[in-house]
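For reference, positions follow the sequence shown, starting with 1. Read the numbers this way: they start at 1 and go in the same order the structure lists the ligands and their atoms.
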Amino acid sequence: MTSPRPCSAFAHPNIALVKYWGNRDDALRLPANGSISVNLAGLETRTRVTWDERRVTGEDIFTLNGSPVSGSGLKRVSEFLDLVRHMAGFDFRADVVSANNFPTGAGIASSASAFGALALAATHAAGLDLAEADLSRLARRGSGSACRSVPGGFVEWLAGSGDMDSFAVSLAPPEHWPLVDCLAIVSSEHKPTGSTEGHTLAPTSILQSARVADAEHRLDACRTAIRQRDFQSLADGIELDSNLMHAVMMTSSPPLFYWLETSLSVMRTVVEWRRKGLPAAYTMDAGPNIHVICEADSAAEAARLLAGIPGVREVRQAGVGGPARLAAPD
Ligand code: DP6
């Protein structure tokens with residue numbers, strides 16, 4: 001191979017419209033059900049990877065937002081880099097420098113953009129040029145939702161039958177439907193139970209099997225709503241799907257309660273707005289902040305109204321973003 005060269009890549013986080021919760025195989029991150037998301041424009045992780053040909057033992061170096069990372073954070077990145085080392089056929093240690101342009105703890109899952117950008121930068125720096133599906137499969141191993149940050153726009157993660165066919169594909173480009181995610185931040189505290197642990201608890205809820213059994217039906221409705229740009233159907237589908245996931249979380253053992261009082265009041269208010277004609281719908285991930293999905297024309301009004309709800313600290317807006325991409329060489 002040619003000598004490894006430093007390489008930088010960008011990826012957006014994404015918000016799931018049909019959620020991933022629970023794995024058939026935790027080690028391979030093979031999901032219990034398929035999921036659909038949109039990438040979030042304007043928010044991104046930039047990651048630079050340099051493989052050091054002089055070092056074939058010892059630890060990788062990982063710097064996140066200007067601070068060195070050790071312990072479990074470094075271990076997760078190094079285990080991911082082991083996959084790339086295996087593909088590249090070398091043992092070089094890596095120097096990884098990563099930064100998010102959005103604050104951690106804002107309710108935006110940074111692991112998706114983190115492993116999307118890392119997968120692209122690390123493989124390219126190793127001289128590997130993976131097809132999109134293979135890059136998505138690789139990103140999945142770092143964080144399940146990261147496979148959806150590889151393709152652009154509206155994205156579906158195909159659950160697949162195994163490692164080879166569990167990856168994400170684009171359903172439509174960003175310009176297909178200019179939706180906006182108005183993120184109402186109600187708390188920036190670190191969540192007590194992270195997603196990786198949460199996925200392992202999903203099968204302990206008696207509701208998970210019913211949620212998974214019906215997933216194909218919800219995915220189908222979501223695909224159709226996106227294709228037809230049918231906001232009312234999308235709204236009904238994403239709120240049901242979010243409620244189902246949180247029902248599983250709240251009935252697992254131990255139970256996981258991600259909602260705060262303000263989260264519930266925002267959800268109720270958004271449903272009321274829609275009844276009165278404002279095209280907006282809520283969805284929540286594994287945290288208390290609420291993503292309010294709007295049609296572009298209504299985003300400014302929704303953001304203004306959200307900011308006025310007691311307990312909402314801040315509202316951020318993001319349109320639909322493109323795929324993971326390489327940065328220009330430094
Ligand atoms: C609630 O992808 O963060 O955001 O694979 O363990 O990294 P790991 O989990 P992660 O789980 C995301 C869960 C979710 C729903 C979703 O994004 O589909």
Side-chain angles (χ1 to χ4, degrees), residues 11-40 43 45 72-73 75-77 79-80 83 100 104-119 136-151 154-160 163 166-168 181 183 190-203 205 208 211-212 215 218-219 222 237-250 252 256-259 263 282-291 293 318:
H12 299 295
N14 63 71
I15 176 69
L17 306 175
V18 176
K19 309 289 188 186
Y20 150 51
W21 196 247
N23 284 312
R24 282 136 53 212
D25 182 323
D26 285 317
L28 287 173
R29 288 188 158 87
L30 296 175
N33 59 277
S35 53
I36 293 179
S37 60
V38 288
N39 286 348
L40 298 176
L43 310 174
T45 300
S72 58
K75 183 167 177 278
R76 187 166 176 182
V77 165
E79 285 174 0
F80 182 80
L83 301 172
N100 299 327
T104 35
I108 302 159
S110 56
S111 63
S113 52
F115 284 99
L118 182 61
S136 175
R137 282 176 51 229
L138 175 64
R140 189 199 82 225
R141 302 286 298 275
S143 174
S145 55
C147 77
R148 300 188 311 236
S149 283
V150 172
F154 296 78
V155 173
E156 178 167 0
W157 175 5
L158 309 167
D163 175 41
S166 186
F167 55 82
D181 178 7
L183 173 59
H190 213 69
K191 53 191 174 192
T193 308
S195 301
T196 302
E197 191 184 341
H199 289 296
T200 66
L201 301 178
S205 166
Q208 171 72 346
R211 192 190 75 87
V212 171
R218 297 192 307 283
L219 287 164
C222 187
I238 68 176
E239 291 184 353
L240 170 65
D241 190 84
S242 175
N243 295 347
L244 281 168
M245 180 181 74
H246 283 273
V248 168
M249 291 164 161
M250 287 188 263
S252 66
L256 302 173
F257 287 88
Y258 288 108
W259 296 359
S263 321
Y282 68 78
T283 183
M284 286 181 65
D285 278 347
N289 301 315
I290 308 97
H291 295 257
I293 310 297

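Applying the salt bridge (charged side-chain N to carboxylate O under 4.0 Å, His left out) test between Asp163 and each of Arg137, Arg29, Arg24 identifies Arg137 as the sole match. None of Asn39, Val38, Ile238 except one satisfies the side chain to side chain contact (heavy atoms under 4.5 Å, CB included) rule with Ile15; the exception is Val38.
If you number the atoms of ligand 1 from 1 as listed, the ones under 4.0 Å from a heavy atom of Ser195 come out as 3 (O), 9 (O), 10 (P), 11 (O). Set against the non-hydrogen atoms of Ser143, the atoms of ligand 1 under 4.0 Å away are 2 (O), 3 (O), 5 (O), 7 (O), 8 (P), 10 (P). Applying the 4.0 Å criterion to heavy atoms of Ala286 picks out, from ligand 1, the atoms 1 (C). Below 4.0 Å from some heavy atom of Ala16 lie the following atoms of ligand 1, by number and element: 16 (C), 17 (O), 18 (O). Atoms of ligand 1 found under 4.0 Å from any heavy atom of Lys19, numbered from 1 in the order shown, are 18 (O). Each of the atoms 6 (O), 7 (O), 8 (P) of ligand 1 lies under 4.0 Å from some heavy atom of Thr196. Within ligand 1, the atoms closer than 4.0 Å to a non-hydrogen atom of Ser111 are 3 (O), numbered from 1 in the order shown.
Between His291 and Asp181, the side chains place a donor N or O and an acceptor N or O closer than 3.5 Å (distance only, hydrogens not considered).
Distance OG/Ser205 to CE/Met245: 12.5 Å, rounded to 0.5 Å.
Between Arg148 and ligand 1, an N or O atom pair is found at a separation short of 3.5 Å. Taking distance alone, with nitrogen or oxygen atoms compared against 3.5 Å, Gly144 approaches ligand 1 more closely than that limit. Where the criterion is an N or O separation shorter than 3.5 Å, residue side chain and backbone included, Tyr20 meets it with respect to ligand 1.
Residue contacts with ligand 1 leave out His246, since none of its heavy atoms falls under 4.0 Å from the ligand. Contact between Ser35 and ligand 1 is absent, with no heavy atom of the residue lying under 4.0 Å from the ligand. Put simply, part of Met245 is less than 4.0 Å from ligand 1, judged by heavy atoms.
Residue, atom and distance of the protein heavy atom nearest to atom 9 (O) of ligand 1 are His199 NE2, 3.0 Å. Nearest to atom 8 (P) of ligand 1 among the protein's heavy atoms is Arg29 NE, 3.5 Å. Closest to atom 2 (O) of ligand 1 among all protein heavy atoms lies Ser145 OG, 2.6 Å.
Between the Arg140 side chain and the Ala168 main chain, no donor and acceptor come within less than 3.5 Å of each other. Using modelled atom types, one side-chain atom of Ser136 and one backbone atom of Cys147 make a donor-acceptor pair closer than 3.5 Å. The backbone N or O of His12 lies less than 3.5 Å from a partner atom in the side chain of Ser149, making a donor-acceptor pair. With Tyr258 contributing its side chain and Thr193 its backbone, the two residues share a donor-acceptor pair below 3.5 Å. Using a distance-only test at 3.5 Å, with no hydrogens or angles considered, a donor-acceptor pair links the side chain of Asp25 to the main chain of Ala27. Looking at Gln208, its side chain does come within 3.5 Å of a backbone N or O of Trp21 through a donor-acceptor pair. The backbone N or O of Leu219 sits nowhere less than 3.5 Å from a side-chain atom of Asp241 that would complete a donor-acceptor pair.
The proximity of Arg76 to ligand 1, defined as any non-hydrogen pair under 4.0 Å, is limited to the side chain.
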